[in-house]
Amino acid sequence: MKNIYINTLLIALFITSCSNFDEDINTNPNVPSQASGMQLIAQAELSLPGLSSSPQGEFMSQYLAETQYVGTSLYPQQSTSFYGWYQGPLADLQAVITSDNLTGTEGPIENQIAVAKILKAYYFWNLTDRWGDIPYSEALKGQEDFTPIYDSQESIYKDLFAELKEASNMIVTGNLSNDIIYDGDISKWKKFSNTVRMLMALRLSEVDPATAQAEFVSAIDDGVFTSNDDNLFFQHLADANNQNYWYGQIVNQNREWWALTEGLVDQMKPVNDPRLPIYGNPARDSGEYVGMLYGDEVNLGTQEYSLLGDAIYAQDAPVYLVTYAQVLFAMAEASQRGWIAGDTASFYESAIESSILQWTGNTDTVADFMMEPGIAFNDAIGIEQIATQRWVHLFMFGYEAWAEWRRTGFPNIMVSPNGAAVPARLSYPDNEAFNNEVNYNEALDRQFGGEDSIYGQLWWDE
């Protein structure tokens, strides 16, 4: 990924003129009067790390424990807004999809629209997996509709499968410019589209296994990630304008508020997991890796526990969103379920190898790690091992790990601080009861018996 015009891509200027002068006197010929298709796409791409960079996501998956201010990790019932996603990246992408003014100067128009559709689908997938039914088919219409209906999650999934297939099929030869994720490589966008379909299909394993298998196999046939080079990640810069969220918190704000959880360290330390020194730092008091009990309100401190690793909160650290290791873990699970041919153990071992390579930069320790008790593949507990190692791999993309935990129930190590179980969803923005009352209440009645609870189960969460 290249640092290309990031600051200019944030701006779409609309310049007005003074009526006493020629109409173009206030027009700067060096600044576009409206954003191009790829500028809008790049602006939407700038929101991608926000899908991952959130303490709340880490709490949902119990990767991090709060060292000082424990309140939000105790799972209080509270509303969570989705408005920013609609008003920001989704609005930008919709503007590309519906535009009549795209030009081919930044690459084939078909490919610009295809990438916008793919990213739009990816954002919506994340939203529906967090909240459940959400505004979808009537959303993003601006003044035409301020009160969109809430589509069912089942119908959203069905449409997203179709949208991703359509986007992949419309791709033509020709790369794009001003793409800050894949540097315009349209073949990688096509792989990403198919990979998202594959992972979406796996999410339906318990609620609709027939559809899940069919969509999973179709996505593989169309071409998914084949190496870590295909990973979708956002590369932050060593620059205050585009730095890592965690750097801003820990370095700029001096907030040492997060330690690795006891659950995470207990999964990694006994088996000499080579990713642990990346994920966290040794505790200052002991020089050992020590996890903190999630939600502990008594034994607080920053000296006794392993705080977030230097590499994770570095100013220019990448944020991994969709990775080749996830593809391999998914294939391992699909093989174990009988959906696809292939050796489950081989997929599983390759997934771990790709994960270690992604996080550490080498595979020197893989052979020894694979021989550790509990890591070596055991067919009798295959799904549990696959799910647990996927959870370890997804570190710092807590929302995705949380979704996979809700689907599989593994790893079976989550604690309930003050008796509060891990939530099953996020609750809707509380001002939806005023802004979109009829559709909001209808969605609550349909899904959760009228209650906007963080323990209401989503459609696929059987």
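Below, each value reflects all heavy atoms present in this structure, side chains not excepted, and no hydrogens, waters or symmetry copies.
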Original post:
When the aromatic ring centroids of Tyr75 and Tyr294 are compared, is their separation below 6.0 Å?
Top reply: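 Centroid distance Tyr75-Tyr294: below 6.0 Å, so yes.
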
Subject >> Trp460 six-ring centre to Arg203 NZ/CZ under 6.0 Å and within 45° of normal >> reply: yes

Is there side-chain contact between [X] and [Y], with at least one heavy-atom pair below 4.5 Å?
X: Val392; Y: Ile352; result: no
X: Trp246; Y: Pro55; result: yes
X: Tyr63; Y: Trp391; result: yes
X: Ile220; Y: Trp339; result: no

Is it true that the side chains of [X] and [Y] contain a donor and an acceptor less than 3.5 Å apart?
X: Tyr305; Y: Glu262; result: no
X: Asn378; Y: Gln385; result: no
X: Trp359; Y: Tyr279; result: yes
X: Trp189; Y: Asn111; result: no
X: Tyr157; Y: Glu215; result: no
X: Glu297; Y: Asn418; result: yes

Find the distance between [atom1] ([X]) and [atom2] ([Y]) and round it off to the nearest 0.5 Å.
X: Leu176; Y: Asp183; atom1: CG; atom2: CG; value: 10.0 Å
X: Ile134; Y: Phe82; atom1: CD1; atom2: CZ; value: 7.5 Å
X: Trp405; Y: Phe410; atom1: CH2; atom2: CZ; value: 11.5 Å
X: Leu276; Y: Leu264; atom1: CG; atom2: CG; value: 7.0 Å
X: Ile41; Y: Ile181; atom1: CD1; atom2: CD1; value: 11.5 Å
X: Tyr348; Y: Ile386; atom1: OH; atom2: CD1; value: 8.0 Å

Identify the heavy atoms of [X] and [Y] that sit nearest to each other, and give their distance.
X: Thr360; Y: Pro274; value: CG2-O, 3.6 Å
X: Ala332; Y: Thr344; value: O-CG2, 3.4 Å
X: Val251; Y: Tyr313; value: CG2-CE1, 3.8 Å
X: Ile340; Y: Phe347; value: CD1-CE1, 4.1 Å
X: Trp131; Y: Phe448; value: O-CZ, 4.5 Å
X: Glu353; Y: Thr363; value: CG-CG2, 3.8 Å

Would you say the side-chain atoms of [X] pair up with the backbone N or O of [Y], donor to acceptor, closer than 3.5 Å?
X: Ser335; Y: Gly342; answer: yes
X: Asp185; Y: Asn175; answer: no
X: Asn244; Y: Ala314; answer: yes
X: Ser355; Y: Ala325; answer: no
X: Glu206; Y: Asp461; answer: no
X: Lys269; Y: Tyr289; answer: yes
X: Ser54; Y: Gly50; answer: no
X: Gln62; Y: Met414; answer: no

**OP:** Carefully, step by step, assess Val96 and Lys120 under the rule side-chain contact (heavy atoms from CB on, under 4.5 Å).
**Re:** CA-CA 10 Å; Val96 176; Lys120 178 185 171 186; over 6 Å; no

Would you call [X] and [Y] a salt bridge, taking side-chain N to carboxylate O under 4.0 Å as the test?
X: Arg197; Y: Asp222; result: yes
X: Arg390; Y: Glu333; result: yes
X: Arg425; Y: Asp452; result: yes

Subject >> Verdict with supporting geometry, Ile375 and Gln389, side-chain contact (heavy atoms from CB on, under 4.5 Å) >> reply: CA-CA 8 Å; Ile375 300 300; Gln389 281 302 306; 3.5 Å; yes

Original post:
Run the side chain to side chain donor-acceptor pair (under 3.5 Å) check on Gln243 and Asn252 step by step: do they pass?
Top reply: CA-CA 11 Å; Gln243 69 184 15; Asn252 294 153; 2.7 Å; yes

**OP:** With sequence neighbours left out, write down each residue that passes side chain to side chain contact (heavy atoms under 4.5 Å, CB included) with Glu154, or none if nothing qualifies.
**Re:** Ser152, Trp459

Subject >> CA sep, side-chain torsions, deciding dist, call: Glu432, Tyr150, side-chain contact (heavy atoms from CB on, under 4.5 Å) >> reply: CA-CA 11 Å; Glu432 274 292 271; Tyr150 281 59; 2.5 Å; yes

Subject >> Geometric class of the Trp125/Tyr122 ring pair [parallel <30°, tilted 30-60°, perpendicular >60°] >> reply: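 Because their plane-to-plane angle lies in the 30° to 60° range, the rings of Tyr122 and Trp125 count as tilted.
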
**OP:** Give the C-alpha distance, both sets of side-chain angles, the deciding distance and a yes or no for side-chain contact (heavy atoms from CB on, under 4.5 Å) between Ile312 and Ile278.
**Re:** CA-CA 7 Å; Ile312 301 299; Ile278 304 297; 4.2 Å; yes

Subject >> Audit row: Glu256, Thr67, side chain to side chain donor-acceptor pair (under 3.5 Å) steps and yes/no >> reply: CA-CA 7 Å; Glu256 293 188 330; Thr67 62; over 6 Å; no

